Amino acid sequence: MNDLPAGPNRETQADRPTLHVCVTCRRPAPEAVPLGRTLYETLLDKANAAEVILQPVSCLAACGSGCTATISMPGKWVWLLGRLDPEKADDILTYAGLYAASKTGTVMPSKRPSSLNDMILGRFPALLPTSQEPT
């Protein structure tokens with residue numbers, strides 16, 4: 001068994017959801033500042049209080065459904081979210097809390113803020129460790 005201490009943020013990252021927000025989303029017209037960037041910056045102001053890890057990403061390849069983001073935690077479904085905008089930032093963070101509290105990462109539409117009922121674009125298998133330490 002490995003008795004080395006966990007690396008920095010290892011424990012906190014396992015306990016908090018990560019939102020990867022596409023900062024290049026320009027839905028539907030090209031603004032001077034991409035709407036995805038504005039969404040990211042709006043979430044950034046609130047993410048620490050909501051206990052969410054926020055990461056920018058250049059493209060999630062869902063341009064027809066922008067603004068987009070993913071939410072993930074180890075051992076839970078990863079969800080691709082779309083049709084987001086900065087006005088939904090508080091609801092997105094509420095959803096992130098519900099996601100974190102869910103055993104599998106599934107939050108039924110009846111439990112989500114109503115502004116997010118149409119946000120699910122897809123889901124992916126749970127994130128699993130890429131390697132196992134010897135026991």
Side-chain angles (χ1 to χ4, degrees):
M1 179 179 270
N2 187 347
D3 288 33
L4 296 174
N9 297 326
R10 188 174 187 177
E11 292 168 300
T12 57
Q13 286 181 346
D15 295 337
R16 298 187 298 162
T18 298
L19 272 172
H20 285 92
V21 179
C22 178
V23 296
T24 56
C25 283
R26 297 185 176 275
R27 183 206 74 187
E31 299 90 6
V33 175
L35 193 57
R37 170 63 65 181
T38 303
L39 172 62
Y40 172 78
E41 290 172 0
T42 302
L43 288 166
L44 191 60
D45 290 339
K46 304 172 184 215
N48 282 336
E51 298 187 16
V52 172
I53 298 166
L54 192 62
Q55 296 290 321
V57 64
S58 291
C59 184
L60 290 172
C63 301
S65 299
C67 297
T68 58
T70 63
I71 189 164
S72 60
M73 284 180 78
K76 296 185 180 194
W77 284 103
V78 178
W79 296 90
L80 176 61
L81 315 173
R83 296 178 281 279
L84 306 174
D85 59 56
E87 292 77 31
K88 296 179 181 178
D90 289 331
D91 288 348
I92 293 167
L93 295 174
T94 296
Y95 170 78
L98 295 167
Y99 172 88
S102 168
K103 184 177 179 178
T104 64
T106 299
V107 180
M108 299 307 291
S110 62
K111 302 292 184 191
R112 294 182 213 142
S114 61
S115 72
L116 304 178
N117 281 341
D118 68 343
M119 73 171 181
I120 301 297
L121 302 179
R123 72 178 182 172
F124 306 91
L127 294 175
L128 300 173
T130 55
S131 65
Q132 297 287 328
E133 293 183 11
T135 56

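The figures here come from the full heavy-atom set of this structure, side chains too, leaving out hydrogens, waters and symmetry mates. Not measured: the values here are computed from a predicted model. The chain is numbered in sequence order, starting from 1.
The shortest heavy-atom contact between Arg16 and Ile53 is NH2-CG1, 3.4 Å. Between Cys25 and Pro34 the shortest heavy-atom distance is O-CB, 3.4 Å. Closest heavy-atom contact between Gly36 and Cys67: N-SG, 3.5 Å. Nearest approach of Pro125 to Val78, heavy atoms of both residues: O-CG2, 3.9 Å. Taking all atoms of both residues into account, the shortest heavy-atom contact from Cys59 to Cys63 is SG-SG, 4.5 Å. In this structure, Ala126 and Gly75 approach most closely via the heavy-atom pair CB-C, 3.5 Å.
Two residues are said to be in side-chain contact when any heavy atoms from C-beta on lie closer than 4.5 Å; Pro17 and Val52 meet this criterion. Between Leu35 and Pro86, some side-chain heavy-atom pair lies under the 4.5 Å cut-off. With a 4.5 Å cut-off on side-chain heavy atoms, Val107 and Trp79 do not count as touching. A heavy-atom distance below 4.5 Å is found between the side chains of Tyr95 and Ile71.
At least one donor-acceptor pair under 3.5 Å links the side chain of Lys76 to the backbone N or O of Tyr99.
Rounded to the nearest 0.5 angstrom, Leu54 CG and Leu43 CG are separated by 5.5 Å. Atoms OG and CG, on Ser65 and Leu80 in that order, are 8.0 Å from each other to the nearest 0.5 Å. One distance of note links CD of Gln55 with OH of Tyr40; it measures 6.5 Å at 0.5 Å rounding. One distance of note links CD1 of Ile92 with CZ of Arg112; it measures 12.5 Å at 0.5 Å rounding.
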For residues 113-123, please give each side-chain donor-acceptor pair under 3.5 Å, one per line with the distance, not counting sequence neighbours.
| residue | atom | partner | partner atom | Å |
| --- | --- | --- | --- | --- |
| Ser115 | OG | Asp91 | OD2 | 2.5 |
| Asp118 | OD2 | Arg83 | NE | 3.4 |

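Remark: Ser102 engages no residue in a side-chain hydrogen bond (donor to acceptor under 3.5 Å, both in side chains) (not counting sequence neighbours).
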Please walk me through it: do Thr104 and Thr106 pass side-chain hydrogen bond (donor to acceptor under 3.5 Å, both in side chains)? CA-CA 6 Å; Thr104 64; Thr106 299; 3.3 Å; yes
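Listed by first and then second residue, the salt bridge (Lys or Arg N to Asp or Glu O under 4.0 Å) pairs involving residues 38-62 are Lys46-Asp90 (not counting sequence neighbours).
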